[in-house]
Amino acid sequence: MSAPAAKPADQGSLFGLQDLPTPTRAEATSRIDELRRELEHHSYLYYAKDAPSISDAAYDSLMRELITLETEYPDLITPNSPTQRVGTTPDSQFASVEHAAKMYSLDNAMDLGELDAWMQRTTDALGHEPRFIAELKIDGSSIALTYRHGELIRAATRGDGRVGEDVTANIRTVRDVPLRLRSGLLASQAEIEVRGEVYLPKASFERINEAQEVASKPTFANPRNAAAGSLRQKDPAVTASRDLATFMYARSGDGEALAFETLATQHDFLATLTEAGFHVNPDVKICGSPVEVRAFCEKALTDRFDLPYEIDGVVVKVDDFAAQAVLGSTMRAPRWAIAYKFPPEEKTTVLRDIVVQVGRTGVLTPVAEFDPVTVAGSTIARATLHNAGEVRRKGVLIGDTIIVRKAGDVIPEVVGPVEGLRTGAERVFEMPATCPSCGAEVFHEEGEVALRCENITCPAQRFERLRHWTSRGAADIEGLGPEIITLLIEAGLVRDIADFYRLDYDDLVAVKTGRVLKDGTQQTFSPKNAAKLLEAIEGSVQAPFAKLLFGLGIRQVGARTAEDLTHRFGSIQALAAASADELSAVEGVGPVVANTIRDFFSVPANRELIDRLLACGVVLQREGGAQDLAGPGPLTGLTFVLTGALETMTRDEAGAALRALGAKTAGSVSKKTSYVVAGADAGSKYTKAVELGVPVLDEAQLQQILADPNADA
Ligand code: AMP
Ligand code: ZN
């Protein structure tokens, strides 16, 4: 440690005391350097080693001295001085950063069985059982830090893996990120990139949400979102106030990044990271066998609630870098690592009520309302119960203590009641005989489980139809959310989707938001928001026909069917004129769907609505018109099954592209399947394909086929 002994007071400490003469420039320069080293050292002991050797007050005092000197000689301030952690405002938006080596995602193992299968696969591929290293999977946001000659020069988010955002100014405020590396292997590299996770400790998460609530600002759903949000603040001072922290754990890329020859394993690398001053999670285990890996996962599963930060699983990696290089990566994830995801967390709470919601097509859905509970990192208080049959099957009574969880760690779900806790005061839920929105009698349609309100003027349905039209998968009108839609309905400006296109500026600025101002008048729409909204609405007339068709909300016509229909019938006119037979000839459209489509166009009010949309300039035709598939395409005769998430397109888009070339797409793998295209998180379909010997393609191979479908497979 190069810290100087404190200067004795009788020599006249020049520093920090106001009345004393200002130090010379030369004196200040050397003292500043000493102070920075000393502060960095203590910061390292505090954050990386978790073993502070001086009190916070002493640390602050050193910091104040440095600030005083830098204030005196501002030209001596460097961006990596510890005083700069509060940062300065970057010019505007975040610049984008192209990652030199792609930032991969991880493949998942949803249970220990899948984890075992992965360990077996790696063993088979390597020809011997490798040593594994198990690390906690931190639930935060990925970050890449670049150091040039030991100085932090850039921090970037993962973004889509290829291009992320430059968040350097914000990362500088994160206290456990070394701005300069401690001398050693990493500091001596001309340039290195280190990767890890930025996260928000649980306590900070709660504190921030309380503050957000007090300020009437939206709260964050979970620490992961809060971390990502805090990192992407325009003002680094806000980021600084958020108490973000990091755990670093990775090199950039794989294989070729073996630039530091002396490092042979992940565990060596982690040690090197610690030496360089990074914060490295101590809960790491080198495992000599799959049994040890499993034991670590099981322990993490119970220990996780005691950790001060959220984890959502365990990342198991092949420890040896050379073995990692042999295994390589797929388009989206390394083959030498896997994320074992924890099974969903369950909680108990009290079911206060079951309310009934009316959807866009009039379907009545029972929704459970319960006392708020935190499950898998976020607070939930409602969950859909789907239909009356489901309520019966689950056997829940109003007033029951119930078990809730999140399906796929996202969607709240009621598991069932804790029957032993019943008091006798519980009530049986019954579906209403009339619509809770309009009071009309509700019907049970033949062959359907759902109850439906058939009143086309039902306010709840109208609202949901409007909302559906503006949603992402449809016209995608930004800024036209549920609150605004409600205001527009209340102001009498909007009754159906065509009305959106007749709104004008004067209408909008007169809309009262319901918020009462200090002078007792009601706040109205701001001119700026009105202009923005009009622009967004205007832009939506050019949205892809398939999305607009989906937005019309024809029963049973989902996003994919809409896509297929627009390929076959290039315009709304052609679609409206199509016979039931012509409709049934389209893939995914059976006689039932064909009839619903015919029914839709036979209702005069619907035809009128479409005419009004066309009159307002909404483009209801496909760019390039219909794609006639009467003749065979280059892929005719082949059947594809798509599984997992693709990176460059959605599965629906990929399916539509394949079908446009004459291929068939199917939902499940069988002997008749020609190819399975496996994206990220491919699960049982992938396994099935391997079992049946069906060839599996990755995304790159799919793209090759799409680009050149006539080439031999
Ligand atoms: P997911 O985003 O759920 O697909 O999981 C992949 C992400 O887990 C990676 O991109 C990392 O940001 C994150 N992660 C958290 N902890 C670790 C760790 N110890 N090793 C590797 N990745 C991790
Ligand atoms: Zn109704």
Side-chain angles (χ1 to χ4, degrees), residues 99 102-110 132-144 156-161 164 194-199 222-225 227-228 231 246-252 254 266-267 269-270 273 278-285 296 300 304 307 309-319 324 329 332-334 336-342 356-365 376-377 408-410 432-443 451-465 644-645 647 679-682:
H99 297 299
K102 195 170 157 189
M103 283 184 87
Y104 284 101
S105 184
L106 289 172
D107 282 336
N108 291 331
M110 299 314 287
F132 295 104
I133 180 164
E135 300 171 14
L136 297 180
K137 185 167 184 299
I138 313 301
D139 200 9
S141 202
S142 283
I143 190 84
T157 62
R158 179 167 76 183
D160 65 2
V194 170
R195 294 172 175 182
E197 204 80 357
V198 190
Y199 68 93
N222 53 50
R224 164 181 276 216
N225 292 352
L231 194 59
T246 59
F247 282 125
M248 304 306 290
Y249 48 69
R251 305 168 293 151
S252 133
D254 56 40
Q266 169 72 1
H267 77 264
F269 179 65
L270 292 178
L273 283 177
F278 290 104
H279 198 183
V280 174
N281 193 304
D283 233 338
V284 177
K285 185 155 173 25
F296 182 87
R304 65 160 157 158
L307 291 171
Y309 46 84
E310 297 273 346
I311 59 172
D312 61 340
V314 170
V315 182
V316 183
K317 302 172 182 174
V318 170
D319 190 37
Q324 288 186 2
S329 300
R332 105 167 193 118
W336 46 262
I338 196 144
Y340 160 67
K341 291 267 180 121
F342 292 141
V356 175
Q357 280 185 347
V358 185
R360 161 169 64 85
T361 59
V363 173
L364 270 54
T365 308
D409 260 4
V410 184
T434 57
C435 170
S437 173
C438 68
E441 195 184 337
V442 293
F443 297 95
L451 280 177
R452 213 185 264 283
C453 164
E454 301 276 10
N455 172 10
I456 47 163
T457 64
C458 173
Q461 291 182 49
R462 173 184 300 160
F463 171 79
E464 293 299 335
R465 278 199 298 269
E647 279 195 352
D681 301 338

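Below, all heavy atoms of this structure are taken into account, side chains as well, without hydrogens, waters or symmetry copies. Given the structure is predicted, the values throughout are model-derived calculations rather than measurements. Sequence positions, counted from 1, serve as the residue numbers for this chain. Atoms within each ligand, like the ligands themselves, are counted from 1 in listed order.
A donor and an acceptor atom, one from each side chain of E310 and Y199, are nowhere located under 3.5 Å apart. Using modelled atom types, one finds no donor on one side chain facing an acceptor on the other under 3.5 Å when comparing Q266 with Q324.
The minimum heavy-atom distance between L364 and V442, with the atom names listed, is CD2-CG1, 3.6 Å.
Listed as neighbours of ligand 1 are Y104, S105, L106, E135, L136, K137, I138, S142, R158, E197, Y249, V315, K317, K341, each bearing a heavy atom under 4.0 Å from the ligand.
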**Message:** Under the criterion side chain to side chain contact (heavy atoms under 4.5 Å, CB included), I'd like the reasoning laid out for I143 against L231: C-alpha separation, chi angles, the key distance, then a yes or no.
**Reply:** CA-CA 10 Å; I143 190 84; L231 194 59; 3.9 Å; yes
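Looking only at side-chain heavy atoms (C-beta outward), V363 and R452 come within less than 4.5 Å of each other. Taking 4.5 Å as the limit, some side-chain heavy atom of L136 sits within range of a side-chain heavy atom of L307.
At the Zn ion (ligand 2), the vertex angle linking SG of C438 with SG of C435 is 100° (nearest 10 degrees).
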